[in-house]
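Input: a single structure, listed below in structure tokens.
All values below come from the heavy atoms of this structure, side chains included, with hydrogens, waters and symmetry mates left out.
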Amino acid sequence: MADIGAITELVNNEKLLLQTGTDTFVLMQDCRFNLDRPISRQTTSGSGVVYFFGSGDNSIDFTLLCSTPELEDSSGAGNLVYQTQRDANGALPTATYKIKATDVSGATKTISATGVIPHLEVQRMAGVGGVVMNGRIQLTDDSVTVA
């Protein structure tokens, strides 16, 4: 059995934050960090197998509690709706997105990656009046850093 670390090193799910501005972090209710690479498996004449791996097809699916700064339609840090608008060349704005994870002892690690937001959904929570934003950050750079 693998060692998953001391209990104090486990990430507290109530302390997973997405940086949406220079000094603005929003609580992530849900986060799915998908690290994926296309694979091609080729059999050789000697009965062995060779694997080829493509560039990363990585993404982050998230759910945030919605507040008005994330709904802004003008440029600026933290405006997630603006991040879904194409420029004159048809490209989406690229940004460095950071997820700050805090473990139960209070230590933090920050995951940083460059990407675009091709999907954003605003959803009313039935019966309770809350509003959430579901979205996907498609990572456009093949590197993810943790510091």
(request) Please round to the nearest 0.5 Å and tell me the distance separating atom CZ of F25 and atom NZ of K15. (result) 12.5 Å
(message) Tell me the closest heavy-atom pair linking L92 and P118, and the distance in Å.
(response) CD1-CA, 3.8 Å
(request) Say whether, by atom type as modelled, one donor and one acceptor occur between the side chain of D103 and the main chain of S105 under 3.5 angstrom. (result) yes
(message) I need the Q19 CD to T110 OG1 distance, nearest 0.5 Å.
(response) 8.0 Å
(request) Would you indicate whether R86, at its atom CZ, is surrounded by more than 12 heavy atoms from other residues, nucleotides or ligands within a distance under 6.0 Å? (result) no
(message) With heavy-atom distances below 4.5 Å as the criterion, would you say the side chains of D142 and R37 are in contact?
(response) yes
(message) Using 0.5 Å steps for rounding, measure from the CE atom of M28 to the OG1 atom of T63.
(response) 8.0 Å
(message) Applying a strict under-4.5 Å side-chain criterion to I, L, V, M, F, W and Y, I'd like to know whether I39 and L35 cluster together.
(response) no
(message) Measuring from atom CD1 of I117 to atom OG of S59, what distance do you get when rounded to the nearest 0.5 angstrom?
(response) 12.0 Å
(request) Indicate whether the side chain of N34 and that of D61 have a donor and an acceptor atom separated by less than 3.5 Å. (result) yes
(message) Hydrophobic clusters here meaning ILVMFWY residues chained together by side-chain heavy-atom distances under 4.5 Å, can you tell me if I137 and L65 are in one?
(response) no
(request) Determine whether the side chains of T44 and Q42 contain a donor N or O and an acceptor N or O closer than 3.5 Å. (result) no
(message) Working to the nearest 0.5 angstrom, can you tell me the gap between L18 CG and I60 CD1?
(response) 7.5 Å
(request) Work out which heavy atom in R32 is nearest to a heavy atom in F62; give both atom names and the distance. (result) NH2-N, 4.5 Å
(message) Before you tell me yes or no, could you show the steps for L27 and L64 under side chain to side chain contact (heavy atoms under 4.5 Å, CB included), namely the whole-Å CA-CA distance, both residues' side-chain angles and the distance that decides it to 0.1 Å?
(response) CA-CA 6 Å; L27 178 65; L64 306 173; over 6 Å; no
(request) Decide whether L17 and V132 are clustered together by the hydrophobic rule: side chain heavy atoms of Ile, Leu, Val, Met, Phe, Trp, Tyr closer than 4.5 Å, transitively. (result) no
(message) Could you check whether Q138 and N58, counting side-chain N and O atoms only, form a donor-acceptor pair closer than 3.5 Å?
(response) no
(message) Can you confirm whether I99 sits close enough to C31 that some side-chain heavy atom of one is under 4.5 Å from a side-chain heavy atom of the other?
(response) yes
(message) Is there a side chain to side chain contact (heavy atoms under 4.5 Å, CB included) between N134 and D30? Walk through the geometry before answering.
(response) CA-CA 9 Å; N134 299 309; D30 188 25; over 6 Å; no
(request) Compare every heavy atom of F33 with every heavy atom of I111, then report the nearest pair and how far apart it is. (result) CG2-CE1, 3.2 Å
(request) To the nearest 0.5 angstrom, please state how far the CG atom of L16 sits from the CD atom of Q29. (result) 11.5 Å
(request) Measure across P93 and V116 and return the closest heavy-atom pair with its distance rounded to 0.1 Å. (result) O-CG1, 3.5 Å
(request) State, with a plain yes or no, whether a side-chain heavy atom of T84 is found less than 4.5 Å away from one of Y82. (result) no
(message) Treating N79 as the side-chain partner and V81 as the backbone partner, does any N or O pair qualify as donor plus acceptor under 3.5 Å?
(response) no
(request) Check P38 against S55 and note the closest heavy-atom contact, atom names and distance. (result) CD-O, 3.2 Å
(message) Under 4.5 Å between side-chain heavy atoms, counting indirect links through other Ile/Leu/Val/Met/Phe/Trp/Tyr residues: same cluster for M125 and V131 or not?
(response) no
